[in-house]
Novice: 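The structure that follows is given in the form of structure tokens.
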Amino acid sequence: SRADDTYLMDLETELRNPLPEVKITSRLGYGKPAREIIKLTREEKIDLLVMGGHGHRLWGDLWHGQTIDSVRHELRIPILAIRSKTS
């Protein structure tokens, strides 16, 4: 959706400002979240994946959530889980 595109572009800008020398790539996926994240990560040959949460009450909920659990078991790269500041 347009709101998702705008949100993603805002996040990219926020990350690029303090890290201009780091290549930052973002893409929206559609379908089952874990499957899409794994597919897009492999297609882009990502070496660090940053995943955000949607208002989980505790970090444990985010880390042990179904999506991140599936992703971290399938990918062999570092994954940084962050909590969304808009939640």
Novice: Name the one of Arg35, Glu43, Arg42 that satisfies side chain to side chain contact (heavy atoms under 4.5 Å, CB included) with Lys39?
Specialist: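 One option only clears the test, and that one is Glu43.
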Novice: State which residue, out of Ile38, Ile77, Thr41, fulfils the side chain to side chain contact (heavy atoms under 4.5 Å, CB included) condition with Val71.
Specialist: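 Looking at Ile38, Ile77, Thr41, the match for Val71 under the side chain to side chain contact (heavy atoms under 4.5 Å, CB included) is Ile38.
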Novice: Please determine whether residues Leu49 and Val22 belong to a single hydrophobic cluster, defined as Ile, Leu, Val, Met, Phe, Trp and Tyr linked transitively by side-chain heavy-atom distances below 4.5 Å.
Specialist: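 Leu49 and Val22: separate clusters.
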Novice: By the definition side chain to side chain contact (heavy atoms under 4.5 Å, CB included), identify the one residue from Ile79, Ile68, Thr67 that meets it with Ile37.
Specialist: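 Only one of Ile79, Ile68, Thr67 forms a side chain to side chain contact (heavy atoms under 4.5 Å, CB included) with Ile37, namely Thr67.
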Novice: Mind checking what makes side-chain contact (heavy atoms from CB on, under 4.5 Å) contact with Asn17, not counting sequence neighbours?
Specialist: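 Here the qualifying residues are Thr13.
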Novice: Apply salt bridge (Lys or Arg N to Asp or Glu O under 4.0 Å) to Arg16 and list each qualifying residue two or more places apart in sequence or on a separate chain.
Specialist: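 Applying salt bridge (Lys or Arg N to Asp or Glu O under 4.0 Å) to Arg16 gives Glu12.
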Novice: Hey, any chance Leu75 and Ile46 share a hydrophobic cluster, counting ILVMFWY side chains that come within less than 4.5 Å of each other, even indirectly?
Specialist: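 In one cluster: yes.
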